[in-house]
Amino acid sequence: MTRVTVRARFSPAPTGFLHVGGARTALFNWLFARHEGGTFVLRIEDTDPALSRDELIDGIQRTMRWLGIDWDEGPHRQSQRGEAYRSAATRLRETGNAYYCDCSRDDVQARTKGDSGYDGWCRDRGLTSGALRFRAPDEGETVVHDLIRGDVTFDHATIEDFVIERTDGTAVFLLANAVDDMDMAMTHVIRGEDLLASTPKVLLIRGALGDTQPPLYAHLPLIVNEKRQKLSKRRDDVAVEEYRERGFLPEAMRNYLALLGWSPADDREIVPIEEMVAEFRIEDVKPSPAFFDVKKLEAINGEYIRALPVATFVRESLPWLETDPPWPPECFDLAVFEAVAPFVQERARTLAEVPSLVDFLFLEEPVVDEAAWDKSIGRSPSAEALLDGALAAYRDCHWDTEELHRVTAALADRNGLKLAKAQAPIRVAITGRSVGPPLFESLHVLGRERTLTRLRRAKDRLSSSS
RNA sequence: GGCCCCAUCGUCUAGUGGCCGAGGACACCACCCUCUCAAGGUGGCGACACGGGUUCGAAUCCCGUUGGGGCUGCCA
């Protein structure tokens, strides 16, 4: 008994950086192949010379590696397989399954009668050059067996004679796709639903080429925007690389992507990749479109950030702290950041948020949120007394977190305020904001001198404005 | 226009004829915890598009309607 090994592939057209839809398709193919113990192939569909650029192809591979999606074979490049497509095209022509057509775009338009497209005018003109068209059968039907949608039937009367080879002799994707999937012995074709309508054409080509064992198909639901349209490069934020730059972790991105159309058992959502591989079944993928919800991505990213060992969090944050920081680069102090890292880690939903949570530590003067200043100092009747009190108390107390907490609580007491209220003006004076890491830890790492200086400056500003 | 796909809370989903007066998560609201914020805890809001069937019984099966989407290129 022969056991056929599963072979799946991700075959993107390098139209730019890898987008979230492509990444999800790659991920599902990868999960499927790994679950089945099969082979995962990467194939670049660059039959259009405009797309056959190394930098675009490198970008796709870089992003896949970042996501942890590795491949066993490839990348194969369709731009380098012209010979195979040419010989297939020749065979199709010789067997009467394809013919040359010299109709211009306008001619085709004029010859499109009714609802079934181009009427096949050139079928019997005996041309010896032009674009090569596949002679689609006029009767019968082709059934696509889809693992997610069941059988999908296409009436041949609705399939026009379509171009498989351009006038310049290069193959269009339908031909390349059919030939490659046959040559590369793909057993499963998992791709976006937008390709479902072209599947019967590929099947027809394969049949004409003598194929007797078509692959099993699975057309994944599209990922859509808030208007429920297919994600578009123009309107939507689709580049995975961009999410990376916005501070998302690859594990979080991958986890979120997996949740679009598929779901792990037992109401779990944060799932280690090994468990996904163990559980993933292509038949369980839902057929309906899914909205790409950045809010949820952020929530998941936050969970992954919090789960990181502190040292890893520090290391992962470095690029955001060292590249275009909001402070003079020479003022950054890794030891200081490490001291507050545990508190920052719990508050950041993306790594890109990290700098704004610690900027007051590396800036000569904090960036003041005017609304916060106004609320906690400008219009606060007790602000002056609290700033004075803090100045006095911090001047010679022990400089550690517990002591700062204690003397500030006492100060609040003396002013008849809850600590929560009393710390507000101090926080704004020191950090410039009303939110951030715990105050006493912040003061502790900031140091006595800078704390006192900032309190004095806040006092000066307050008195000069009143 | 034609062909095709899809249809459970705002969003992602669980649900495959009775366990569903529909469960979880994100978002939102309230409360608790608390030095702010976050995290965490508790509770709340909130959905089976509609109409026919089939069945003792339907979110689950069938048909239709409506709505949304994809494709319709010598792009992929």
Side-chain angles (χ1 to χ4, degrees), chain A residues 11-15 45-48 50-51 78 101-105 108 112 114-117 130-133 144 146 148-149 152-155 157-160 162-174 176-177 191-200 219 221-222 224 226-230 256 259-270 286-300 302-303 306 343-349 357 372 376 404-405 408-409 412 418-424 426-428 431 433-442:
Chain A
S11 49
T15 55
E45 307 227 328
D46 57 350
T47 56
D48 181 341
L51 304 181
Q78 292 191 327
C101 166
D102 62 359
C103 291
S104 66
R105 204 189 159 92
V108 172
T112 294
D115 300 317
S116 51
L132 196 62
R133 276 183 191 278
V144 177
D146 192 286
I148 295 172
R149 289 152 215 284
V152 182
T153 304
F154 294 84
D155 191 327
T158 67
I159 299 175
E160 64 183 324
F162 51 93
V163 172
I164 55 176
E165 193 180 79
R166 305 184 183 92
T167 301
D168 67 5
T170 58
V172 303
F173 93 102
L174 290 166
N177 200 279
R191 27 132 72 151
E193 196 211 308
D194 50 345
L195 291 165
L196 178 54
S198 72
T199 305
H219 287 92
L222 259 22
V224 300
E226 62 287 342
K227 287 157 74 180
R228 304 247 116 214
Q229 295 166 320
K230 178 167 83 162
Y256 176 65
L259 261 21
L260 260 24
W262 179 75
S263 64
D266 305 321
D267 289 329
R268 289 171 304 145
E269 292 202 318
I270 306 295
K286 270 188 40 137
S288 49
F291 169 63
F292 189 84
D293 188 354
V294 181
K295 279 277 199 301
K296 180 130 184 176
L297 207 209
E298 285 174 348
I300 290 175
E303 295 221 34
R306 269 174 261 130
F343 309 109
V344 175
Q345 180 174 7
E346 194 162 296
R347 290 164 175 74
R349 287 162 80 84
L357 287 164
S376 300
L404 285 164
H405 190 157
T408 308
K418 294 255 191 198
L419 180 52
K421 275 285 186 190
Q423 60 87 43
I426 300 172
R427 176 183 296 280
V428 173
T431 72
R433 306 171 198 273
S434 58
V435 302
L439 182 61
F440 308 122
E441 279 80 356
S442 297

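Reckoned from all heavy atoms, side chains included, excluding hydrogens, waters and symmetry mates. Throughout, protein chains are lettered first and strands after them, A, B, ... in sequence-line order, and every chain is numbered starting at 1. From a predicted model like this one, the values you see are computed outputs, not experimental measurements.
Distance check on atom P: B:C63 versus B:U54 gives 15 Å, rounded to whole Å. B:A59 and B:U16 have their C1' atoms separated by 11 Å, with the value rounded to a whole Å. Only the C1' atoms considered, B:C12 is 15 Å distant from B:G46, to the nearest whole Å. Separating the P atom of B:C71 from that of B:G24 is a span of 37 Å, rounded to the nearest Å. Taking atom C1' on both B:C29 and B:G18, the two are 36 Å apart, rounded to the nearest angstrom. With C1' as the reference atom, B:A14 and B:A22 are 10 Å apart, rounded to whole Å. When the C1' atom is used for both B:G21 and B:C62, the distance is 27 Å, rounded to whole Å. Between B:U13 and B:G53, the two C1' atoms lie 29 Å apart (nearest whole Å).
The listed nucleotides are B:C35, B:A14, B:A38; the one nearest the side chain of A:Lys286 is B:A14. Side chain of A:Phe291, nearest nucleotide from B:C35, B:A7, B:C12: B:C12. For A:Leu196, the side-chain atoms get nearest to B:C4 when compared with the rest of B:U36, B:C4, B:G70. Checked against B:C12, B:A38, B:G69, the side chain of A:Glu269 finds its nearest nucleotide in B:C12. For A:Val172, the side-chain atoms get nearest to B:C74 when compared with the rest of B:C74, B:C71, B:G24. The nucleotide whose nearest atom lies closest to any side-chain atom of A:Lys230 is, among B:C35, B:C74, B:C71, B:C71. The nucleotide whose nearest atom lies closest to any side-chain atom of A:Val163 is, among B:C12, B:C74, B:U36, B:C74. Here B:U13 is the nucleotide among B:C6, B:C35, B:U13 with the atom lying nearest to any side-chain atom of A:Ser263. The A:Leu195 side chain lies nearest to B:A76 when the options are B:A76, B:G69, B:G23. Residue A:Glu160 places its side chain closer to B:U72 than to any other of B:C74, B:U72, B:A7.
Distance CZ (A:Arg105) to P (B:U72): 11 Å, rounded to an integer number of Å. Following rounding to the nearest Å, A:Glu193 (CD) and B:A7 (C1') show an atom-to-atom distance of 12 Å. The nearest whole Å value for the distance from the NE2 atom in A:His219 to the C1' atom in B:C5 is 11 Å. Going from atom CZ of A:Arg268 over to atom P of B:A25 covers 15 Å, rounded to whole Å. Rounded to whole Å, the distance from CG on A:Leu174 to P on B:C71 is 14 Å. Taking atom CD1 of A:Ile164 as the reference point, atom C1' of B:A76 lies 16 Å away to the nearest angstrom. If you take CZ of A:Arg347 and P of B:G40, they are 12 Å apart, rounded to a whole angstrom. Atom CD in A:Gln423 sits roughly 4 Å away from atom C1' in B:U36 (whole-Å rounding).
Checked by atom type and distance alone, the side chain of A:Asp155 pairs as donor or acceptor with a backbone atom of A:Ala157 at under 3.5 Å.
A salt bridge links A:Arg149 with A:Glu193: at least one charged nitrogen is closer than 4.0 Å to a carboxylate oxygen. Ion pairing between a basic and an acidic side chain is recognised when a charged N comes within 4.0 Å of a carboxylate O; A:Glu303 and A:Arg349 show no such pairing.
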Nucleic acid footprint by protein, nucleotides 44-49 of chain B - heavy-atom cut-off 4.0 Å, B for base, S for sugar-phosphate alone: ------

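The two atoms that bring A:Lys230 and A:Asp194 nearest to each other are NZ-OD2, 3.4 Å, heavy atoms only. The nearest pair of heavy atoms linking A:Leu259 to A:Pro264 is CD1-CD, 3.8 Å.
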For nucleotides 61-68 of chain B, tabulate all protein N/O to nucleotide N/O atom pairs closer than 3.5 Å, reporting atom names and distance.
none

Could you list, one pair per line, each protein nitrogen or oxygen that sits under 3.5 Å from a nitrogen or oxygen of nucleotides 27-31 of chain B, together with the distance?
{"residue": "B:A27", "atom": "OP1", "partner": "A:Arg349", "partner atom": "NH2", "Å": "3.2"}

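Here B:C50 sits opposite B:G64 as a Watson-Crick or G-U wobble pair (both hydrogen-bonding atom distances under 3.5 Å). Within the shown strands, B:A30 is the pairing partner of B:U42 under the Watson-Crick or G-U definition, both distances less than 3.5 Å. B:A25 and B:U11 make up a base pair, with Watson-Crick or G-U wobble contacts both under 3.5 Å. In this structure, B:G1 forms a base pair with B:U72, meeting either the Watson-Crick or the G-U wobble geometry with both donor-acceptor distances under 3.5 Å.
With sequence neighbours excluded, the residues forming a ring pair (Phe, Tyr, Trp, His ring centres under 6.0 Å) with A:Phe292 are A:Tyr243, A:Tyr256, listed by chain and number. Listed by chain and number, the residues in a side chain to side chain donor-acceptor pair (under 3.5 Å) with A:Arg268 are A:Glu275, A:Glu279 (sequence neighbours excluded). Among residues two or more places apart in sequence or in another chain, the ring pair (Phe, Tyr, Trp, His ring centres under 6.0 Å) test is passed with A:Phe440 by A:His405.
Looking at A:Ser442 and A:Phe343, their side chains never come closer than 4.5 Å, going by heavy atoms from C-beta outward. No side-chain heavy atom of A:Leu132 sits under 4.5 Å from any side-chain heavy atom of A:Val163.
Remark: A:Leu404 CG to A:Gln423 CD distance equals 13.0 Å, nearest 0.5 Å.
Note on A:Glu441: a base of the nucleic acid sits closer than 4.0 angstrom, heavy atoms only. Residue A:Ala424 is out of contact with every strand shown, counting any heavy-atom pair closer than 4.0 Å.
Nearest-nucleotide assignment on RNA chain B puts the 5′-proximal partner with A:Leu259, out of A:Leu259 and A:Arg427.
A donor-acceptor contact under 3.5 Å is formed by the side chain of A:Thr167 with the base of B:C74.
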